[in-house]
Amino acid sequence: MSGQGPGQVLFHFVRHWARRPVSADIEGDQGRIVVVCEAVHALGQRGTRATVTAIGDEIGIDQSGASRLIKSAASAGYLDMTTSAGDGRRREASLTPAGRSLLEQAHRWQEAVFAQLTTGWSEQKRHDFQHAMTDLMDSSYAVEIRAVEQG
């Protein structure tokens, strides 16, 4: 990758990880359920209601696909669906105790993979990487919000 600028490396990084399975231990429907639960969790952390549209946007799929994944996760007991207090036509997802447990397991796996991939890194390098990625994500969300506000 030498000779590539930081923007090229960033987008190569994104493409690389977008092609990887959610987990070597979790495949098929279970892997998709983890992705949906991650989306609900991430939206909640940002104070955004986990509607079908918001979940689809978070995952990068259309509303129809998001609806199917949400229904599967709810049927499996990982999500609760409720009618929105502000708009009776909207449904909002929240994690059930089983969904939170599933995410805890997925997060432990993610941390183990990160530790394996960064064997030989100092704690400072891991910390700096985490903060750089967090800063990039925060900037990305800020750009998205400005685009919505302007457009």
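Quantities reported herein were computed from a predicted structural model and do not represent experimental measurements.
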No-hydrogen, no-angle side-chain donor-acceptor test under 3.5 Å, Q110 and E38: yes
Whether S101 side chain and P97 backbone form a donor-acceptor pair below 3.5 Å: no
Note, L79 side chain near I70 side chain (heavy atom, < 4.5 Å): yes
Whether R90 side chain and T51 backbone form a donor-acceptor pair below 3.5 Å: no
Beyond-backbone contact of K125 with Q130, side-chain heavy atoms, under 4.5 angstrom: no
Heavy-atom side-chain proximity of T82 to S94 below 4.5 angstrom: no
H127 and H131 side chains, donor-acceptor separation under 3.5 Å: yes
Which atom of A98 lies closest to which atom of G77, heavy atoms considered: CB-O, 3.6 Å
Single-linkage hydrophobic cluster, 4.5 Å side-chain cutoff, M133 and L117 together: yes
Pair R126 + E123: basic N to acidic O under 4.0 Å: yes
Expected output: side-chain T118 to main-chain W121 donor-acceptor under 3.5 Å: no
L102 to C37 - nearest heavy-atom pair and separation: CD2-SG, 4.2 Å
Mutual orientation of the aromatic rings belonging to F129 and F13 [parallel < 30°, tilted 30-60°, perpendicular > 60°]: perpendicular
Connected via hydrophobic side-chain network under 4.5 Å: Y141 and L43: no
Close side-chain approach of R108 and E104, heavy atoms under 4.5 Å: yes
Joint hydrophobic cluster, M137 plus I55, side-chain heavy atoms closer than 4.5 Å: no
Any side-chain donor near an acceptor of the partner, R68 and S64, under 3.5 Å: yes
Side-chain (T83) to main-chain (R91) donor-acceptor, under 3.5 angstrom: no
